[in-house]
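Here's the structure we're looking at; comments come further down.
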Amino acid sequence: MNILLLGSGGREHALARKMSQSPQCGHLFIAPGNAGTSQCGTNVDMGVSEFEKIRAFCLDNAIDLVVPGSEEALVNGIYDFFAQDAALQHIPVMGPSQEGARLEGSKAFAKLFMERHQIPTAAYREFNADNFEEGVAYLQQHSLPIVLKADGLAAGKGVVITSSHEEAVAEFEQMIRAAKFGDASKTVVIEQFLTGIELSVFVLTDGHSYKILPEAKDYKRIGEGDKGLNTGGMGAVSPVPFADAAFMKKVEDKIIRPTVAGLSKEAIKYNGFIFFGLINVEGEPFVIEYNCRMGDPETEVVMPRLQNDLLDLFTTVSNGTLAEQTIYADPRAAATVMLVSKGYPEAYEKNKEINGIPAPTQDQVVFHAGTKQSGAQVVSNGGRVLAITSLAASLPLALAHSVQTAEQISFEGKTYRRDIGYEFI
C-alpha cells in the first residue's frame, strides 16, 4: 500500500512511524514532513492544501491512501476534492468531509450540533458585528470568569479566559471589531466557565461505528505548575488515571455514541479520527471542543501505546468492517516531554543545531516536531522542536526517563517542563 501523509509536526512523525511498522506499508510519502519523518519514508516538498499538486502526486505515485495529519486540509475540503474527482475517487482519505470538519472549523457549528443531540457542554451564546451591542450587554451580566472563543481556526490561540467584565468586553471588541484573530473571530462564542480537569479522548470512526483509542492528557501552559502563556502543548500522558471504566462509560454513553449517531443521522460523511476535548466536572464529562484529527502532542503518547496495526484499522474504516475490530493498548504508561525553542510561544529562534538525539528503543522514541535537515545536521525549524516519549511500568518512571533524555539533547535556547503529569505523581 502506497500512502501519502500530510503534515510536518510531531503528530505526523508519530503517525508515520506507526504506519511504517505495518507489513501493509509499501511506499510512505510525507508532505512536507520533517527531519524525523524522513526516517520513516520519503519527504515531499508540497503543502497540505495544495490540492492540485497533491492530485498529480497521487496519480503519478499510485497512492492508495491519503492521511491528513492536521485540520487545515480537512477544513479546506480535501475529502470532498477526492470524492468529486473521478480519477481520485478510488483513493480513501482518512478524514471527514468538509461538512464534518466544521466540528473543528466552527465553534458555533459544533455547539449547535451538541445542542441538537443533547451532548453535555458548557452553556453559550454566539455574537458577531451585527449584534455586537447585545453581546456587550450579555458579557456585562455574565458570571465570572468568562470564556471567549473565536468561532474559526486560530492556530490554537483563539480562546481567551477573562476574570473581569471590563477585560471581557475589551477582548470581545478586539476579537470582533479589531479582528484580533482575523476572520476566525468575526463570530465569537461566549461560554460558561467549567471547573474541572481536562483530558483528550480519541475515536476512529467510519461515520456509523467507532472504536475508542487510548486516552491522553496534554499540558498547554509554557511554565511548570501550569503557569504562563498557552502553547500548542508542552507534553502529554497516557493513560489518564481518573479515566476509569465508570468515567469512560459515561463518556461513551453521553458523548461518543450520540456524536457518531448524530453524524450518521445528519448524513455527514465522516471517516477518520474524532478528538473529544473533555473536562471532568465532579465525575461528569462535558465537551470543551471537537477536533477532526488527532491531537499534538497527544498522538505521541497514543500511537506508542496502540498495539493494533494502524493501516489495518484504516483499511477497516474504508471497507466498512471497523465494528469487527478490537483495540489493544500497551498497559504501560507513556509520558511525552516537549522541547521548545527560546521565546516560544511568542517570537522564537530557529536554525539551532540539535545534538544528542538517541536512536529509538522499545521503551523510548524522540519524535521530531519542528526540525529540518541542513546538510548532515538536524536543526530547529519551529516553536515546538522535539517530543520525547517514554514507556514504563508507572507514570513517574516514564516521566523520569523522558526528562533524562531531555537533559541529554542539546540546542541553544532549549526549554521544557519537568512536571508533565504532575497531578498524578
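Minimum heavy-atom separation, Phe314 to Val67: CE1-CG2, 3.9 Å. Among all heavy-atom pairs drawn from Thr121 and Phe286, the shortest one is N-CD2, 3.7 Å. Minimum heavy-atom separation, Val337 to Ser402: CG2-CB, 3.7 Å. Of all the heavy atoms in Val365 and Pro360, the pair that sits closest is CG2-CB, 4.1 Å. Taking each heavy atom of Lys217 and Val240 in turn, the nearest pair found is N-CG2, 3.6 Å. Contact detail for Gly421 and Leu395: the closest heavy-atom pair is O-CD2, 4.2 Å.
The CG atom of Asn291 sits 11.0 Å away from the CG atom of Asp296 when rounded to the nearest 0.5 Å. In this structure, the separation between CD on Gln39 and CD1 on Ile30 is 10.5 Å, given to the nearest 0.5 Å. Here the CD atom belonging to Glu71 is positioned 6.5 Å from the SG atom belonging to Cys292, to the nearest 0.5 angstrom. If you take CD on Glu50 and CZ on Arg55, they are separated by 15.5 Å, rounding to the nearest 0.5 Å. Distance check: Asp218 CG to Met338 CE gives 9.5 Å after rounding to the nearest 0.5 Å. For the atom pair NZ of Lys111 and CZ of Arg125, the computed distance is 13.5 Å after rounding to the nearest 0.5 Å.
Between the side chains of Tyr219 and Glu423, a donor-acceptor pair is found at a separation under 3.5 Å. Under the 3.5 Å distance criterion, with hydrogens and angles disregarded, no donor-acceptor pair is assigned to the side chains of Thr315 and Asp312. In this structure, a donor-acceptor pair under 3.5 Å is absent between the side chains of Thr37 and His13. Using a 3.5 Å distance cut-off with no hydrogens or angles, the side chains of Ser49 and Asn76 do pair a donor with an acceptor. In this structure, a donor-acceptor pair under 3.5 Å is absent between the side chains of Glu171 and Thr162. No donor-acceptor contact under 3.5 angstrom links the side chains of Asn381 and Thr371, judged on distance only. For Asn319 and Thr321, the side-chain atoms include at least one donor-acceptor pair closer than 3.5 Å.
Using a 4.5 Å heavy-atom threshold, the side chains of Val147 and Ile190 count as separate. Between Ile3 and Asp64, the closest side-chain pair of non-hydrogen atoms is not below 4.5 Å. Under the 4.5 Å side-chain criterion, counting only non-hydrogen atoms from C-beta, Asn61 is not in contact with Asn2. For the pair Ile91/Leu65, no side-chain contact is recorded, criterion being any heavy-atom separation below 4.5 Å from C-beta on. Residues Leu386 and Ser380 are not in side-chain contact: their nearest non-hydrogen atoms beyond the backbone lie 4.5 Å or more apart. Counting heavy atoms from C-beta outward, Arg17 and Phe367 have side chains that approach closer than 4.5 Å. Here the side chains of Ile54 and Phe82 are in contact, with some heavy-atom distance below 4.5 Å. Using a 4.5 Å heavy-atom cutoff, the side chains of Ile409 and Leu339 are in contact.
At a threshold of 4.0 Å, the pair Glu104-Arg293 counts as salt-bridged, since one of the basic side-chain nitrogens sits closer than that to a carboxylate oxygen. Using a 4.0 Å cut-off between a side-chain N of Lys or Arg and a carboxylate O of Asp or Glu, Asp151 and Lys149 do not qualify as a salt bridge. By the 4.0 Å N-to-carboxylate-O rule, Asp419 lies too far from Lys227 to be salt-bridged with it. Remark: Arg11 does not engage Glu298 in a salt bridge, criterion side-chain N to carboxylate O under 4.0 Å. Checked for salt-bridge contact, Lys249 and Glu252 miss the test: no charged N lies under 4.0 Å from a carboxylate O. Classification of Glu198 and Lys220 as a salt-bridged pair fails, no side-chain N sitting under 4.0 Å from a carboxylate O.
With a 6.0 Å radius and a threshold of 12 heavy atoms from other residues, nucleotides or ligands, Asp183 has its CG atom at or below the threshold. Summarising the local packing, CG of Asp45 is surrounded by 12 or fewer heavy atoms from other residues, nucleotides or ligands at distances under 6.0 Å. For NZ of Lys269, the number of neighbouring non-hydrogen atoms (other residues, nucleotides, ligands) closer than 6.0 Å is 12 at most.
Under the 30°/60° scheme for interplanar angles, the aromatic rings of Phe81 and Phe51 are found to be tilted. By the 30° and 60° cut-offs, the orientation of the rings of Phe424 relative to Phe242 is tilted.
Residues forming a side chain to side chain contact (heavy atoms under 4.5 Å, CB included) with Lys18 (at least two apart in sequence, or on another chain): Gln21, Met303, Leu306, Leu310. Residues satisfying the side chain to side chain contact (heavy atoms under 4.5 Å, CB included) test with His117, not counting sequence neighbours, are Phe113, Ile119, Lys265, Glu266.
Listed by first then second residue, pairs satisfying side-chain hydrogen bond (donor to acceptor under 3.5 Å, both in side chains) with a partner in residues 232-244 read Ser238-Arg305, not counting sequence neighbours. Within the structure, side-chain hydrogen bond (donor to acceptor under 3.5 Å, both in side chains) contacts touching residues 277-286 (residues at least two apart or in different chains) are Lys250-Glu284, Lys254-Glu284. Residues in residues 319-331 take part in these salt bridge (Lys or Arg N to Asp or Glu O under 4.0 Å) pairs, two or more places apart or across chains: Asp330-Arg332. Within the structure, side-chain hydrogen bond (donor to acceptor under 3.5 Å, both in side chains) pairs that include any residue of residues 334-350 comprise Thr336-Thr389 (at least two apart or interchain).
Separation of the Phe276 and Tyr290 ring centroids falls under the 6.0 Å cut-off. When ring centroids are compared, Phe202 and Phe273 stay outside the 6.0 Å threshold.
In this structure, the side chain of Arg417 engages the main chain of Gly223 through a donor-acceptor pair within 3.5 Å. A side-chain donor-acceptor contact under 3.5 Å links Ser164 to the backbone of Glu167. Although no hydrogens or angles enter the test, the distance criterion places no donor-acceptor pair under 3.5 Å between the side chain of Asn43 and the main chain of Gly33.
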